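Atoms within a ligand are numbered from 1 in the order they appear, just like the ligands themselves. Remember, predicted model here, so these are calculated numbers, not experimental data.
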Amino acid sequence: MPITVLTSISETRAHLESRRTSNAKSGPVVLVPTMGALHEGHAELIRRGRELSGDDGTLVVSVFVNPTQFGPNEDLDAYPRSLERDEATCESCQADVLFAPSAAEMYAPDHSLDIRETRLSVGLCGASRPGHFPGVCLVVMKLFGIVQPTHAVFGKKDYQQLAVIRRLIRDLNVPVEIVGAETVREDDGLAMSSRNENLTEGERRAAPGIRAALLAGKEQWERTPDLKPGVLLRLVRSRLEQIEGGQIDYVELVDGETLEPAEDFTRPVVVAAAIYFSQARLIDNIEFGPVPPGE
Ligand code: PAF
């Protein structure tokens, strides 16, 4: 079946409702929310979505560059857009519906709701992008309201976003199962991101240094039984500082669940970093720590 491309909320609702009530398509409804400029990382999320929806369910990909999650001096205008290519990617990954609304369709001119998660979203990206997570929470709740999915798939590259969305649906009792998918990487280790398109050639050559620095931290932890968090962090920071053309926004070692600074390695931790290049800010992270009993 060719993919159905929809831009209006009412048509999307009606289309999904008719699928839900048809006997052949009454299985899970899976949403993969994206901002488009789809790459292999997104393709993996969409394929994961197809596994979850099965043949009797519905797989919806949304493509919407959400203005409310960009600050006034951020890259909203420079954010890459490629709807025709995105449609082809969605179709080749067997999505059923591509929902690509305009900003005017999504937001009434006098929209006035604010959804603010006040704990997990404060540090890391939240510290340098103050309105970002409120904008993400708002658009994710709107997409959930429109699509009414049973499952939604998000990438682990945006580790903090995934944690905030899990908290959002827990605290608002939203009946959606959130599925986290592993980060997909280029051969040289760089995490796939739509923003990689905005790197200069030299920056592109240097950017895999982010992954290398994070891996060096994890390897140091594996080699050093009584490693102190501060020592690990200094090692990763010094490696990140060597990335040509990059400037550290933050690099932090946090508890994998609370996202509070980690005091030791008795619980799973994450080292997360954000690096500015001339026209792009890239994020990445690495998880490690004790394996929970039974895994
Ligand atoms: O991760 C993204 O691409 C966006 O933050 C999301 C979840 C699609 C909301 O706009």
Run through R19, R13, R20 and flag the one making a side chain to side chain contact (heavy atoms under 4.5 Å, CB included) with E17. R20
Show the numbers, then the answer: is there a side chain to side chain donor-acceptor pair (under 3.5 Å) between S128 and D249? CA-CA 8 Å; S128 39; D249 175 10; 2.7 Å; yes
Between ligand 1 and the protein, which N/O pairs fall short of 3.5 Å?
unit_1, atom_1, unit_2, atom_2, d
ligand 1, 1 (O), Q161, NE2, 2.8
ligand 1, 5 (O), Q69, NE2, 3.0
ligand 1, 5 (O), Q161, OE1, 2.7
ligand 1, 10 (O), Q69, OE1, 2.6

Check this for me, if you would: do D75 and R195 make a salt bridge, where the nitrogen-to-carboxylate-oxygen distance has to be below 4.0 angstrom? yes
Run K157 and D284 through salt bridge (charged side-chain N to carboxylate O under 4.0 Å, His left out) and show every step you take. CA-CA 6 Å; K157 179 172 75 67; D284 201 353; over 6 Å; no
Check residues 230-239 and write down every donor-acceptor pair under 3.5 Å in which the side-chain atom is one partner and the other belongs to a residue at least two apart or another chain.
unit_1, atom_1, unit_2, atom_2, d
S238, OG, L235, O, 3.0

For the CD1 atom of I115 and the CG atom of D171, what is their distance to the nearest 0.5 Å? 12.0 Å
